[in-house]
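Below is one structure, written out as structure tokens, with a few remarks after it.
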Amino acid sequence: LFDLPERKFYIFWWTFLPQDFFFLSWLLIIAAFSLFTATVFVGRVYCGYFCPQTVWTKIFMWIEKLAEGERNARIRLDKANISLMKVLRRGIKHTGWLAVAFITAITFVSYFTDARTLTRELLQFDLGFWEMFWIAFFTGATYMNAGWMREQVCMYMCPYGRFQSVMLDKDTLIISYDERRGEPRGSRKKDADYKADGLGDCIDCTLCVQVCPTGIDIRDGLQFECIQCAACIDACDSIMDQMGYPRGLVRYTTENLLEKPDSRFQFFRPRLIGYASVIGVMVAVFLLALTLRVPLEVEAIRDRNQLYRENSDGLIENVYLLKVLNKSQAAASYVVSLEGDPAIRLSRPLGFTLEAGGVYSLPVTLVADPAVLERTRYDIVFRVSATGNDKQSATTENRFLAPPPH
């Protein structure tokens, strides 16, 4: 839950504040390097298997298939005159699209508004303006992107396809057409001796083009529009099975393997090893920093109205305001201790209980006997520790000021 009004971000059992933003930056850098590593190794598989645009487009196409039938049936429906059946089928399709888009929008907004609260407000028709705006926005965006634009988003709006080519090398696993085996292409009967006719294994059925979500012809070679969804592999293998030919005319391979069929796939490559090493170090340091992170923050503010004061007992006093923030997701009890010169002490024992994610302001008075003070300034450290848990403690530095010694 990303609670923007409260400036608190809850991820599993951690609570992060704006000052913890470097953790998010670090995580995004790790994610970027992971994407680069995956691209060097297996090409654009993120686009084909994990990208929300691809996944939602497949869901929408599945709904379209249920409502309107297979491709040929949809073409006939497009050409048919307006009828009750056509309106009904189109209505079912668009209703399904809008339902998935609406659920997607609710899910996304639930990251910023508590899901239970959002559901209750939705059922009671008591949504706020911004909640309604973002639900409507993401419903419309999902409906348009996955239902209407589809591959246009991958081809013209997504920047990843444009710069992926600089990360590929000749040993990157990509989807390719085996030109040596497939050419020259041409139609033939199933039992024909096509080798005698000088033909390759490709029967030029164009099924690989028909199933491609971006509409490219994989037989023309590697193209930036290819999202490596492997639909062309499945289509081609089905045709090879029907014709009785070996599978793999279109397959996952590399440029080097295509040029040298007897060579082996090169897994250990300098660029891949470099990326993997960097990711390993970053992940290890990130996890270590996250493990050592203390869900507690302390800040001490001196009273600026006066440098020091003398109480009725003749002791020198300094007054501070201690602000304690509990960044955990459970209430805890804390005690305050002081580190520094033993001549300076707390005026009284201090302890308090703080709810999860709460902020506590605690006035603190330090006292010292002027007879034992030898200088006008002392460095001190306030330590706030959870009761019974010495590891969950935080410190903050400040100064104790005193009059010049006589």
Side-chain angles (χ1 to χ4, degrees), residues 1-11 13-24 289-405:
L1 176 66
F2 304 108
D3 193 346
L4 297 180
E6 296 295 329
R7 308 294 193 271
K8 296 174 184 176
F9 309 96
Y10 304 96
I11 301 177
W13 49 88
W14 293 294
T15 301
F16 297 97
L17 301 175
Q19 48 266 50
D20 297 320
F21 186 77
F22 71 95
F23 279 108
L24 177 60
L290 204 57
T291 302
L292 298 177
R293 173 181 177 267
V294 177
L296 182 66
E297 186 170 317
V298 180
E299 181 183 5
I301 304 173
R302 291 192 78 259
D303 183 5
R304 299 183 181 275
N305 292 326
Q306 53 184 347
L307 299 179
Y308 57 87
R309 69 188 182 193
E310 185 176 341
N311 64 17
S312 57
D313 296 328
L315 301 177
I316 302 300
E317 292 184 343
N318 278 204
V319 179
Y320 307 82
L321 182 64
L322 206 62
K323 289 193 173 184
V324 183
L325 173 60
N326 178 8
K327 297 195 287 185
S328 70
Q329 296 181 13
S333 297
Y334 300 95
V335 293
V336 180
S337 58
L338 187 67
E339 300 174 0
D341 196 291
I344 305 169
R345 65 182 189 278
L346 293 168
S347 63
R348 59 184 177 85
L350 297 173
F352 57 93
T353 300
L354 186 55
E355 70 275 8
V359 180
Y360 190 83
S361 296
L362 179 68
V364 179
T365 301
L366 301 184
V367 297
D369 187 349
V372 299
L373 297 177
E374 300 177 349
R375 55 184 188 272
T376 60
R377 173 175 172 169
Y378 292 82
D379 292 327
I380 57 172
V381 176
F382 290 100
R383 179 177 293 276
V384 178
S385 304
T387 304
N389 187 356
D390 294 335
K391 293 183 178 180
Q392 188 173 321
S393 65
T395 61
T396 181
E397 298 180 355
N398 214 298
R399 296 175 299 277
F400 182 89
L401 301 180

- [ ] For the residue pair P295 and T15, establish whether any side-chain heavy-atom pair is separated by less than 4.5 Å.
- [x] no
TODO: Could you walk me through whether D379 and E397 pass side-chain contact (heavy atoms from CB on, under 4.5 Å), step by step?
DONE: CA-CA 7 Å; D379 292 327; E397 298 180 355; over 6 Å; no
Task: Atom pair OG1 (T365) and CD (E317), whose distance is rounded to the nearest 0.5 Å - done: 5.5 Å
- [ ] Looking only at non-hydrogen atoms, find the nearest pair between E310 and G314 and report the distance.
- [x] OE2-CA, 3.6 Å
TODO: Decide if atom CD of E339 counts as having more than 12 heavy atoms of other residues, nucleotides or ligands within a radius under 6.0 Å.
DONE: yes
TODO: Indicate yes or no: at least one non-hydrogen side-chain atom of F400 is less than 4.5 angstrom from one of D341.
DONE: no
- [ ] For residues A330 and A356, report the shortest heavy-atom separation together with the two atoms involved.
- [x] N-CB, 3.4 Å
- [ ] Walk me through it: do L296 and L325 pass the test side-chain contact (heavy atoms from CB on, under 4.5 Å)?
- [x] CA-CA 6 Å; L296 182 66; L325 173 60; over 6 Å; no
Task: Separation between CG of L307 and CZ of R399, rounded to the nearest 0.5 Å - done: 10.5 Å
Open item on the list: Within the 4.5 Å heavy-atom criterion, are V319 and P363 side-chain neighbours or not?
Closed with: no
Open item on the list: Measuring only between side-chain heavy atoms, which start at C-beta, is P405 closer than 4.5 Å to E374?
Closed with: no
Open item on the list: How about NZ on K323, more than 12 heavy atoms from neighbouring residues, nucleotides or ligands closer than 6.0 Å, or not?
Closed with: no
- [ ] Verify the neighbour count for atom CZ of F352: are there more than 12 heavy atoms of other residues, nucleotides or ligands below 6.0 Å?
- [x] yes
Open item on the list: Are Y334 and L350 packed together at the side-chain level, in the sense that at least one heavy-atom pair is separated by less than 4.5 angstrom?
Closed with: no
Task: All pairs passing ring pair (Phe, Tyr, Trp, His ring centres under 6.0 Å) where residues 361-384 contributes a residue, at least two apart - done: Y320-F382
Open item on the list: So does S333 get a backbone contact from the side chain of T387, meaning a donor-acceptor N/O pair under 3.5 Å?
Closed with: yes
TODO: To the nearest 0.5 angstrom, please state how far the CD atom of E297 sits from the CG atom of N326.
DONE: 11.5 Å
Task: Heavy-atom pair of closest approach, residues P370 and L315 - done: CD-CA, 4.1 Å
- [ ] Go through the steps for Y360 and L322 under the test side-chain contact (heavy atoms from CB on, under 4.5 Å), then give the verdict.
- [x] CA-CA 8 Å; Y360 190 83; L322 206 62; over 6 Å; no
- [ ] Evaluate the criterion side-chain contact (heavy atoms from CB on, under 4.5 Å) for residue pair R345 and V367; output intermediate values, then yes/no.
- [x] CA-CA 6 Å; R345 65 182 189 278; V367 297; 3.7 Å; yes
- [ ] Quick one: pull up CG in L338 and OG1 in T395 and give me the separation to the nearest 0.5 Å.
- [x] 11.5 Å
Open item on the list: Could you check whether any side-chain N or O of R302 sits under 3.5 Å from a backbone N or O of R304, counting only pairs where one atom can act as donor and the other as acceptor?
Closed with: no
Open item on the list: For a quick test of reading the model, state the closest non-hydrogen atom pair linking W14 to R293 and the distance between them.
Closed with: CD1-NH1, 4.1 Å
Open item on the list: So which atom in A402 and which in Y308 form the shortest heavy-atom distance, rounded to 0.1 Å?
Closed with: C-CE2, 3.9 Å
Open item on the list: Would you compute the distance between atom CG of L290 and atom CZ of F16 and round it to the nearest 0.5 angstrom?
Closed with: 5.0 Å
TODO: Can you measure from CZ (F9) to CG (L24) and round to the nearest 0.5 angstrom?
DONE: 8.5 Å
Task: Partners meeting side-chain hydrogen bond (donor to acceptor under 3.5 Å, both in side chains) with D303 (sequence neighbours left out) - done: N305
Task: Closest non-hydrogen atom pair between S393 and V294, with its separation - done: O-CG1, 3.4 Å
